[in-house]
Amino acid sequence: MIDLSEISGLPIFFDEENQTITTSPEARFCSSCHISLKDLNPILLNKSLRYPEMVYREYKSLSNGKTYNQNFSYDVLVLPSGLLGIEYIKTHVYYSEEKEGIYDCMVEVLSGNLTVLMQKNAPKEDEFQFDTYVDEVIVFTLKRGERLTIPTGYYYTFFNTTIAPAVFAKVATHNHYPTDYAPFVRYKGLAYFLISKNAKVEIVANPRYKLKCKVKMYNCKRVVQEEQPYIHRKLVENKDPIYDFLFEEDFITNSFYASLN
C-alpha cells in the first residue's frame with residue numbers, strides 16, 4: 001500500500017497489487033469507473049485489439065468534508081503499465097475551446113511517472129477545407145510530485161510509458177468529458193502515437209494529419225525555467241497540493257475553464 005498523502009495532502013492510498021485507490025473515512029470519492037478498451041477504440045492505432053478489456057480506472061470528485069467550488073472536481077486516475085498493441089496505455093483525449101489566459105485543467109503526479117501529449121490544430125481556412133493542419137505538438141514528462149496546467153485550445157491525453165503504475169490527480173470542471181470522437185473515426189487519434197519499439201519509447205507521426213511543426217519535448221524543470229505557459233505561476237510559487245487550490249475561489253474561477261454547457 002502506497003501512502004499518497006505526502007503529495008496530495010489527502011488521506012488516500014494506492015494498493016499496487018489490486019491497482020486500486022482507497023481512502024480513510026474522512027475522505028471519499030463520489031464514484032469510480034473503469035475505462036474500457038471499447039471506450040478508447042476511436043483513438044487507438046490498432047482498432048482490432050481485444051485485450052485488455054479494461055484499460056484504466058478513474059475516481060471522481062474527492063471530498064474531505066470541506067466545501068469548495070462545486071463546479072470543479074478533484075479526480076484521481078490510475079494508469080497501469082502495459083501496451084495497447086504497440087501503443088503505450090493512454091487515457092481519453094480531452095479538449096475545451098480556446099480562451100486566452102484560461103486553463104483547462106491542472107494535474108499533479110502522485111506516484112510513478114506520467115507522459116502528457118498536447119496538440120494544437122491550426123484554424124480551418126473555410127468550411128470546405130478537408131485536411132487538418134497541426135500548429136503545435138508538445139510531449140511532457142512528469143515525475144512524482146510534479147504538476148502541469150494545460151491551457152484551453154489543446155487536445156491532450158495522458159500516457160504511462162514505464163513499468164510501474166502512474167497515479168495522478170486532475171482538477172477540472174465536473175462536466176470535464178472526453179472530446180467528441182466523431183472526427184477521430186477518420187484520424188484514428190491525435191497527430192502522434194507513443195509506441196514501444198525495441199523496448200524504447202518512440203513518437204510516431206500520424207500520416208492523416210498535415211504537420212506544420214516538430215514535436216517539442218519538455219520536462220517540468222524546463223517549463224519552469226523558461227516560464228512557459230504550461231504551468232501557472234501560482235503553482236510554481238506555492239507548493240501546496242493542488243487540492244488546496246480548490247478553496248481559492250478567485251484563482252479557480254478566473255484561471256480555469258468552467259463552462260457548464
Side-chain angles (χ1 to χ4, degrees), residues 2-14 21 23-24 26-30 58-79 91 94 96 98-118 138-154 156 158 166-174 176 216-259:
I2 299 177
D3 186 347
L4 304 179
S5 62
E6 182 181 351
I7 304 298
S8 68
L10 295 159
I12 54 180
F13 308 88
F14 176 54
I21 296 291
T23 67
S24 64
E26 63 267 27
R28 63 183 181 85
F29 289 96
C30 179
E58 184 169 4
Y59 296 81
K60 299 285 290 182
S61 302
L62 184 134
S63 172
N64 65 349
K66 299 178 182 178
T67 302
Y68 56 78
N69 189 317
Q70 293 304 300
N71 292 338
F72 290 86
S73 176
Y74 180 96
D75 306 334
V76 173
L77 287 76
V78 177
L79 273 179
T91 69
Y94 297 93
S96 61
E98 184 170 9
K99 294 187 176 182
E100 187 176 353
I102 299 297
Y103 293 89
D104 188 61
C105 78
M106 53 181 164
V107 174
E108 184 170 63
V109 181
L110 305 180
S111 181
N113 298 307
L114 184 68
T115 300
V116 187
L117 186 148
M118 287 168 43
I138 314 162
V139 173
F140 298 91
T141 53
L142 302 176
K143 299 177 182 178
R144 176 178 176 270
E146 294 181 337
R147 49 257 198 108
L148 187 72
T149 38
I150 300 177
T152 53
Y154 286 86
Y156 63 93
F158 304 97
V167 183
F168 64 101
K170 175 170 67 70
V171 170
T173 54
H174 264 295
H176 190 249
K216 295 187 288 188
M217 305 292 296
Y218 278 100
N219 57 29
C220 194
K221 183 178 180 181
R222 182 183 170 192
V223 170
V224 173
Q225 286 178 339
E226 296 183 7
E227 297 187 352
Q228 294 288 344
Y230 314 117
I231 185 166
H232 195 288
R233 177 54 54 185
K234 191 173 183 68
L235 272 71
V236 175
E237 296 169 349
N238 187 337
K239 299 301 182 182
D240 290 341
I242 63 171
Y243 183 79
D244 292 351
F245 290 104
L246 285 167
F247 300 93
E248 298 193 20
E249 184 67 30
D250 288 344
F251 170 65
I252 284 291
T253 342
N254 297 326
S255 301
F256 288 88
Y257 187 83
S259 170

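Distance OG1/Thr253 to CD/Glu248: 10.5 Å, rounded to 0.5 Å. To the nearest 0.5 Å, the span separating CG on Leu110 from CZ on Phe14 amounts to 10.5 Å. Here the straight-line distance linking atom CZ of Phe140 with atom CE of Met217 works out to 10.0 Å at 0.5 Å rounding. Separating the CD atom in Glu146 from the OG1 atom in Thr141 is a distance of 7.5 Å, to the nearest 0.5 Å. In this structure, Ser63 OG and Tyr74 OH are separated by 12.0 Å, a value rounded to the nearest 0.5 Å. Residue Arg144 holds its CZ atom at 9.0 Å from CD1 of Ile2, rounded to the nearest 0.5 Å.
In this structure a side-chain-to-backbone donor-acceptor pair under 3.5 Å is present from Asp75 to Ser61. Looking at Tyr230, its side chain never comes within 3.5 Å of a backbone N or O of Ile138 through a donor-acceptor pair. Of the possible donor and acceptor atoms, one in the side chain of Thr152 sits under 3.5 Å from a partner among the backbone N and O of Ile102. Between the side chain of Ser73 and the backbone N or O of His174 there is no donor-acceptor pair closer than 3.5 Å.
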Subject >> Val139/Thr115 under side-chain contact (heavy atoms from CB on, under 4.5 Å): CA gap, chis, key distance, verdict >> reply: CA-CA 7 Å; Val139 173; Thr115 300; 3.7 Å; yes
**OP:** Report the C-alpha separation of Glu108 and Val171 in whole Å, then their side-chain angles, then the decisive distance to 0.1 Å, and conclude whether the side-chain contact (heavy atoms from CB on, under 4.5 Å) test is met.
**Re:** CA-CA 9 Å; Glu108 184 170 63; Val171 170; over 6 Å; no
Original post:
How far apart are the C-alpha atoms of Val76 and Leu62, what are their side-chain angles, what is the distance that settles it, and do they pass the side-chain contact (heavy atoms from CB on, under 4.5 Å) test?
Top reply: CA-CA 8 Å; Val76 173; Leu62 184 134; 5.5 Å; no
**OP:** Tell me, with the steps shown, if Ile21 and Leu4 meet side-chain contact (heavy atoms from CB on, under 4.5 Å).
**Re:** CA-CA 10 Å; Ile21 296 291; Leu4 304 179; 3.9 Å; yes
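Atom CZ of Arg222 has more than 12 heavy atoms from other residues, nucleotides or ligands within 6.0 Å. Taking a 6.0 Å sphere around CD of Glu6, one finds it holds 12 or fewer heavy atoms contributed by other residues, nucleotides or ligands. Annotation for Glu100: atom CD does not count as buried by contact number, only 12 or fewer foreign heavy atoms lying within 6.0 Å. Within a 6.0 Å sphere centred on NZ of Lys216, heavy atoms belonging to other residues, nucleotides or ligands number more than 12.
Annotation: cation-pi pair Lys234/Phe245 absent, no NZ/CZ under 6.0 Å from the ring centroid and within 45° of its normal.
Here the closest heavy-atom approach between residue Leu142 and residue Cys220 is recorded as CD2-CB, 4.2 Å. Here the closest non-hydrogen pair linking Asp3 and Ile12 is OD1-O, 3.9 Å. Across all their heavy atoms, Pro241 and Ser8 have their closest contact at CB-O, 3.1 Å. Taking both residues in full, the closest heavy atoms of Leu246 and Ile252 are given as CA-CG1, 3.9 Å, listed atom of the first, atom of the second, then distance.
Between Asp104 and the options Tyr94, Tyr156, Tyr257, a side-chain hydrogen bond (donor to acceptor under 3.5 Å, both in side chains) holds for only Tyr156. If you run side chain to side chain contact (heavy atoms under 4.5 Å, CB included) between Val107 and each of Val116, Leu77, Leu114, only Leu114 comes through.
Not counting sequence neighbours, the partners of Tyr103 by the ring-ring contact (aromatic ring centres under 6.0 Å, His included) test are His232, Phe256. Partners of Phe168 under the ring-ring contact (aromatic ring centres under 6.0 Å, His included) rule, at least two apart in sequence or in another chain, are Phe158.
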